[in-house]
Amino acid sequence: MPVSPITIAIDGPSGSGKSSVSKAVARELGLAYLDTGAMYRALAWWALHREIDLADQNAVAEAARALPLALSTDPARASVSVDGTDVTEAIRETRISSSVSAVATNLDVRAELRRRQRELIDRAREEQGGVVAEGRDITTVVAPDAEHRILVTASEEARLARRSLDVHGAAGAEHLAATRDQVLRRDRDDATVSAFFEPADGVVGIDTSDLTFEESVQAVLDVVRGARGQHPSPDTRPTLQPEETS
Ligand SMILES: Nc1ncnc2c1ncn2[C@@H]1O[C@H](COP(=O)(O)OP(=O)(O)OP(=O)(O)O)[C@@H](O)[C@H]1O
Ligand SMILES: Nc1ccn([C@H]2C[C@H](O)[C@@H](COP(=O)(O)O)O2)c(=O)n1
């Protein structure tokens with residue numbers, strides 16, 4: 001029996017857990033996974049690779065429009081290539097995390113990447129039954145009509161500890177300065193063009209500060225399956241239900 005396509009839009013600040021949770025939710029529900037942050041990172045990598053000055057707004061916007069990007073939406077196999085070069089690992093390096101906001105705050109870049117993101121979402125809905133798309137502006141701008149819209153948050157302390165553990169393998173004070181730059185300074189810059197600290201109207205907020213990773217995944221699944229905080233109300237918008245055939 002055909003099932004209605006579904007978009008689950010998830011936003012949140014750095015280190016809130018939105019990427020890892022989104023990927024796990026996509027796997028659990030058999031949906032595609034769209035990491036929109038990877039698109040901004042791939043563009044930052046490409047611009048640096050071509051020695052484009054990131055402060056040159058027009059040159060970076062031109063690079064965005066020409067970006068030869070291939071992005072897997074398989075939650076089991078993340079991969080990102082630019083012009084045939086696999087940059088899956090390279091886009092996670094500190095030099096990219098430190099410079100990506102310069103690219104992501106360029107409004108012409110955002111227009112181009114949002115256009116591509118909507119295309120990828122549409123394709124995933126047609127071909128894969130739906131998608132979990134995550135970033136900073138998915139619930140508000142890229143997919144405001146998504147069947148489910150969720151903002152994943154966590155305290156500053158939890159986000160710093162998680163990022164430090166990810167990048168340095170420890171959450172000690174010696175890594176604090178580098179981690180603060182990657183989390184707090186980056187969020188401050190990114191927040192000049194997107195609102196991702198508070199849930200917009202109709203967006204369900206999930207605070208993961210005191211949750212385990214598995215509990216965070218379950219909290220999102222509960223929203224999607226209607227166990228809590230569903231929007232719009234279940235009677236106006238069925239989720240993961242067989243399509244009406246009559
Ligand atoms: N309760 C939790 N919920 C979600 N993630 C958690 C939790 N506890 C620890 N983590 C870990 O926090 C780390 C950061 O998560 P993730 O990379 O998904 O964050 P993010 O919000 O996508 O950050 P960024 O935007 O900087 O990429 C991951 O290693 C994840 O496993
Ligand atoms: N929809 C999005 C997704 C990401 N960004 C910016 C914010 C980050 O600095 C950068 C990389 O994202 P991350 O991989 O850390 O989630 O891209 C954005 O502005 N909008």
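Whatever order the structure lists them in is the order used to number ligands and atoms, beginning at 1. Given the structure is predicted, the values throughout are model-derived calculations rather than measurements.
- Ranking the protein heavy atoms by distance from atom 6 (C) of ligand 2 puts Ala104 CB, 3.7 Å first.
- Nearest protein heavy-atom contact of atom 3 (C) of ligand 2 is Thr36 OG1, 3.3 Å.
- Regarding atom 17 (O) of ligand 2, its nearest protein heavy-atom neighbour is Tyr40 CB, 3.5 Å.
- Which parts of ligand 1 touch Ser216 is read off a 4.0 Å heavy-atom cut-off, strictly below it: atoms 1 (N), 2 (C), 3 (N), 4 (C).
- Using a 4.0 Å cut-off to heavy atoms of Ser20, the atoms of ligand 1 that qualify are 15 (O), 16 (P), 18 (O), 28 (C), 30 (C), 31 (O).
- When each atom of ligand 1 is checked for a heavy atom of Gly17 under 4.0 Å away, the hits are 4 (C), 5 (N), 15 (O), 16 (P), 18 (O), 19 (O), 20 (P), 21 (O).
- For ligand 1, the atoms lying closer than 4.0 Å to a non-hydrogen atom of Val21 are 4 (C).
- Side-chain contact annotation: Thr208 with Arg162, donor-acceptor N/O pair under 3.5 Å present.
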Given Asp74 and Arg77, is the salt bridge (Lys or Arg N to Asp or Glu O under 4.0 Å) satisfied, shown in steps?
CA-CA 5 Å; Asp74 179 348; Arg77 254 171 296 132; 3.1 Å; yes
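- Near Ser16, the atoms of ligand 1 lying under 4.0 angstrom from a non-hydrogen atom of the residue are 21 (O).
- Under 3.5 Å, the side chains of Glu134 and Ser19 contain a donor-acceptor pair of N or O atoms.
- Of the options Arg162, Glu214, Lys18, the smallest heavy-atom separation from atom 6 (C) of ligand 1 is shown by Arg162.
- Atoms CG and CD, from Asn106 and Gln57 in turn, are 4.5 Å apart once rounded to the nearest 0.5 Å.
- Taking every heavy atom of Pro13 and a limit of under 4.0 angstrom, the matching atoms of ligand 1 come to 21 (O).
- Each of Leu120, Leu34, Asp122, Thr73 was checked for a side-chain contact (heavy atoms from CB on, under 4.5 Å) with Val131, and the lone residue meeting it is Leu34.
- For atom 15 (O) of ligand 2, the closest non-hydrogen atom of the protein is Arg186 NH1, 2.9 Å.
- When only non-hydrogen protein atoms are considered, atom 1 (N) of ligand 2 lies nearest to Asp137 OD1, 2.8 Å.
- Contact record, Ser216 with Leu211: OG-CB, 3.7 Å, taken as the closest heavy-atom pair.
- Using a 4.0 Å cutoff on heavy atoms, Ser14 does not count as a contact of ligand 2.
- For ligand 1 and Arg136, the ligand atoms under 4.0 Å from any heavy atom of the residue are 25 (O).
- Residue contacts with ligand 2 do not include Arg163, since none of its heavy atoms lies under 4.0 Å from the ligand.
- Near Leu211, with a cut-off below 4.0 Å to any heavy atom, the atoms of ligand 1 are 1 (N), 2 (C).
- Neither the backbone nor the side chain of Gln117 comes within contact range of ligand 2; no heavy atom lies under 4.0 Å.
- The nearest protein atom to atom 9 (O) of ligand 2, hydrogens excluded, is given as Asp190 OD2, 2.6 Å; this is a heavy-atom distance.
- Remark: the Ser209 side chain and the Asp207 side chain contain an N/O donor-acceptor pair separated by less than 3.5 Å.
- By the criterion of a heavy-atom distance under 4.0 Å, the side chain of Arg110, and not its backbone, is placed next to ligand 2.
- Contact annotation for Gln182 and ligand 2: no heavy atom of the residue comes within less than 4.0 Å of the ligand.
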